[in-house]
Amino acid sequence: MKITKKQTLKAFKNLVTAKAMTEIYEENFKVVSKYVHATSRGHEVIQTAVGMQLQPQDYMFPYYRDDSMLLAIGMTPYELMLQVLAKKDDPFSAGRTYYSHPSLKDDDKPKIPHQSSATGMQAIPATGVAMGFWYKESLGQDEPIAKQVHNDQPIVVCSLGDASVTEGEIAEAFQMAALKQLPILYLVQDNGWDISANEAETRAQNAAEYAAGFHGLEAISIDGTDFEESYTTVQNAIETIRKERRPILIHAKVPLLNHHTSGVRMEFYRDDLDEARSRDPYPKMLKLLQSFNVSEEEIKEIETEIETEVEKSLKRALEAEDPKPEDLFTHDFAPTPITQEVGERSPEGGEKVVMVDCALFAIEELMAKHPECLLYGQDVGGRLGGVFREAATLAQKFGDNRVFNTPIQEAFIVGSTVGMSAVGLKPIVEVQFADYIWPGLNQLFTEVSRSCYLSNGKWPVSMILRVPIGAYGSGGPYHSSSVESIVTNIRGLKIAYPSNGADLKGLMKAAYYDPNPVVIFEHKGLYWSKVKGTKGATSLEPAEDYILPFGKAWVLQEIWPQEEEETLSIISYGMGVHWAYNATRELGVTDTVEIVDLRTLHPIDWDTIFKSAKKCGKVLVVTEEPSENGFARSIQGKIQEECFQELDAPVMLIGSENMPAIPLNSVLEETMIPSTKKVRVKIEEILNY
């Protein structure tokens, strides 16, 4: 398939534009280097070949050196310069993130969900988009949410540097793309460098050789500076993916002709610049134009016109408005329609069910009503239905395309929700135990939580992450941890930690209809109320219409203190609520001790906390986490700060012992974590203070 003169001229103009931008940034280094940026110099041809061939229904995930690709899909130098200068009208992030970190939702261009700086992290969200297409295609053409995919055959392009392919999360993405035969093109631009580390130091093989190990992922190596080879290879790959719906990887060898970034200069460490410059795609494009009989005068005219436009664009961008201080405080979350408690919490004639079943029934009701709802994770498929039976029967009822097992890939489970959400799906995913959330934190922090804010509201990630948590029954050091202090420090997430089944069902429904990412901690010891003193976790199952909004604490044991009476407010969540409830009954102090069940950790209901603290004068915070340096300590400190004048004693806290892990032995486990007995002792201490 031969390229045309028209295609070549269009590509040349794009290359010249990107080259001119690189050069004007260097000429104005002191001005534009206030904010770090990288450019595509040397990579222009392969990027242009890809960008020219994408359609508005496609999704693309460029990385931070891909300004040529962005120009090729129709972005202007001025728009990109607004970002390099972090201006208010930066179309991607309104001045919040770096140059060539795009997020775009224009009708006439490919869709670009939020891009982070962490190299390779985009591979999992990109593969999540392709998995979303795979799911929609499985529904058949008559399903409304699937029609566009069946009609337009969209694809995904994920752009990577070769150095990033050594990341473990790339393997997770490749594995799923190959396993499920997803419609994605991985474009790997190989310039031989990380930052100062070169390929000989860091790679056992190049990206194409590596990809060959993933059966079902076709890999092709090309010269990414040759426009004819690049364009036709990309064209063939895109046509194949559109038609056959399978993944392909293109490994394009290119030179890096500018600095790694404006902050890491090539002259600091590069010893290969002469060799790199010998592969400059610009003179190759000039030769190609000559073969189409394009004159030197015409070429000069094109270059002069573009250079003038680029110069004017920079001048205009420099004069553009900066964000205002108040612009900092927008788009941390997308607005949620769920603001009030609605529906029947305790329907007449309702059946009491254990906590795990309240979640199961909530998801079943949601899946029956919403074809865009999916559930996936480790062992949740039809054969087992979850290690806690929390997904039992769902695969049989809704099919293996909606409820399915993943490999042991916590990063993929979490990060793929970015892509699934971007194509209009609502994924409910889970990690098997809180102890195994750590491999997923990179995606949760870097991609999921920041997408709404750094895309200036364009791409909130609508997902639910279920996390079984907590200690009981000798679960040992790898199945018992509490991790809420880590997760509550990730801004941009909503977090629930219910103490009973009714709350869990109502919060699950609220989470589903919330357009933001939600983490739900579900205490394993409360799932079946088998632990002594946890019968209160079993609830009348709320009706299908019951929804409990986030940020509304529950005063489950409210008191009306008499004058001069010693009273105490206990603030807790999850299992701590049961310890507090049982301790007050054993002590016979239910008239003088109030219990506030937070229900959600973010947003947190400070109004109810402060009201209870001021009413009672004494406060105890109960947590299962180790007592030092944690989320509960922050609650303790804020109460002390806000309610100091009304307090009769220091705000106190009880939590687990501050040891590295929860031991397997039951005596040691009991010694490690709080209990009704330990909370009872602490209550007596505070009341007698």
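What you see is a predicted model; the values in this text were computed from it and never measured. Only this structure's heavy atoms are used, side chains among them; waters, hydrogens and symmetry mates stay out.
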For [Y], does the six-membered ring have the charged nitrogen or CZ of [X] within the cation-pi criterion, i.e. under 6.0 angstrom from the centroid and within 45° of the normal?
| X | Y | value |
| --- | --- | --- |
| Lys180 | Phe404 | yes |
| Lys19 | Tyr282 | yes |
| Arg265 | Phe29 | yes |

Distance, nearest 0.5 Å, that separates [atom1] of [X] from [atom2] of [Y]:
| X | Y | atom1 | atom2 | answer |
| --- | --- | --- | --- | --- |
| His370 | Leu425 | NE2 | CG | 13.0 Å |
| Lys426 | Met420 | NZ | CE | 12.5 Å |
| Asn14 | Leu71 | CG | CG | 5.0 Å |
| Leu182 | Tyr135 | CG | OH | 15.0 Å |
| Arg450 | Asp332 | CZ | CG | 13.5 Å |
| Asn516 | Ser462 | CG | OG | 7.5 Å |

Does [X] use its side chain to pair, donor to acceptor, with the backbone of [Y] at less than 3.5 Å?
| X | Y | answer |
| --- | --- | --- |
| His43 | Arg41 | no |
| Ser40 | Glu44 | no |
| Thr417 | Val414 | yes |
| Glu305 | Ile302 | no |
| Thr22 | Ala18 | yes |
| His150 | Glu137 | yes |
| Ser164 | Gly161 | yes |
| Asp90 | Gly95 | yes |
| Lys458 | Pro113 | no |
| Gln181 | Ala178 | yes |

Could you please spell out the steps behind the salt bridge (Lys or Arg N to Asp or Glu O under 4.0 Å) verdict for Arg279 and Glu275? CA-CA 7 Å; Arg279 294 185 288 125; Glu275 188 279 332; 2.9 Å; yes

Do other residues, nucleotides or ligands put more than 12 heavy atoms under 6.0 Å from [X] [atom1]?
| X | atom1 | result |
| --- | --- | --- |
| Lys105 | NZ | yes |
| Asp142 | CG | no |
| Lys5 | NZ | yes |
| Lys88 | NZ | yes |

In the structure I gave you, are the side-chain heavy atoms of [X] and [Y] within less than 4.5 Å of one another anywhere?
| X | Y | answer |
| --- | --- | --- |
| Phe227 | Ile46 | no |
| Arg270 | His259 | no |
| Met176 | Gln409 | yes |
| Val310 | Leu314 | no |
| Leu139 | Asn401 | yes |
| Ser416 | Thr127 | no |
| Leu249 | Val188 | yes |
| Gln57 | Gln153 | no |

Side-chain H-bond candidate by donor/acceptor type, Gln47 with Gln189, under 3.5 Å: yes

Say whether Ser159 and Asp66, considering side chains only, have a donor N or O and an acceptor N or O under 3.5 Å apart. yes

Using the side-chain contact (heavy atoms from CB on, under 4.5 Å) rule, take Lys147 and Lys136 through it: C-alpha gap first, then chi angles, then the decisive distance, then the call. CA-CA 8 Å; Lys147 281 184 178 177; Lys136 288 185 175 184; over 6 Å; no

Can the ring centroids of [X] and [Y] be said to lie less than 6.0 angstrom from one another?
| X | Y | value |
| --- | --- | --- |
| Tyr25 | His37 | yes |
| Tyr453 | Phe333 | no |
| Phe92 | Trp459 | no |

Is a salt bridge present between Asp194 and Arg203, judged by a nitrogen-to-oxygen distance below 4.0 Å? yes

Between Lys253 and Asp223, is a salt bridge (Lys or Arg N to Asp or Glu O under 4.0 Å) present by the stated rule, with each step listed? CA-CA 5 Å; Lys253 195 71 178 167; Asp223 177 359; over 6 Å; no

What class does the angle between the rings of Phe214 and Tyr210 fall in, given that below 30° is parallel, 30 to 60° is tilted and above 60° is perpendicular? perpendicular

Which is it for Glu239 and Gln235 under the side-chain contact (heavy atoms from CB on, under 4.5 Å) test, yes or no, and what are the steps along the way? CA-CA 6 Å; Glu239 286 179 0; Gln235 186 177 47; 3.8 Å; yes

With Ile155, which of Ile248, Ile184, Leu54 fulfils side chain to side chain contact (heavy atoms under 4.5 Å, CB included)? Leu54

Working note: Thr304 + Glu301, criterion side chain to side chain donor-acceptor pair (under 3.5 Å); need CA distance, chi angles, decisive distance, verdict. CA-CA 5 Å; Thr304 301; Glu301 187 178 323; over 6 Å; no

Assess whether salt bridge (Lys or Arg N to Asp or Glu O under 4.0 Å) is satisfied between Lys87 and Asp322, documenting all intermediate values. CA-CA 5 Å; Lys87 295 295 186 176; Asp322 283 317; 3.3 Å; yes

Stepwise, does the side chain to side chain donor-acceptor pair (under 3.5 Å) test hold for Tyr99 with Asp67? CA-CA 8 Å; Tyr99 178 73; Asp67 55 9; 2.7 Å; yes

Met285 and Thr8: CA distance, side-chain angles, deciding distance, side-chain contact (heavy atoms from CB on, under 4.5 Å) verdict: CA-CA 8 Å; Met285 282 293 283; Thr8 306; 4.3 Å; yes

Could you walk me through whether Thr330 and Arg96 pass the side chain to side chain donor-acceptor pair (under 3.5 Å) check? CA-CA 11 Å; Thr330 60; Arg96 292 176 175 176; 2.7 Å; yes

Go through it in stages, so that I can follow the logic: the residues are His260 and Arg65, the test is side-chain contact (heavy atoms from CB on, under 4.5 Å), and I'd like the CA-CA distance, side-chain angles, deciding distance and then a yes or no. CA-CA 9 Å; His260 169 74; Arg65 196 176 303 286; 3.3 Å; yes

Take Asn442 and Thr446, measure what side chain to side chain donor-acceptor pair (under 3.5 Å) needs, and give me the verdict at the end. CA-CA 6 Å; Asn442 206 359; Thr446 306; 3.3 Å; yes

Applying salt bridge (Lys or Arg N to Asp or Glu O under 4.0 Å), run through Lys111 and Asp58 and close with a yes or a no. CA-CA 6 Å; Lys111 308 304 173 279; Asp58 297 329; over 6 Å; no

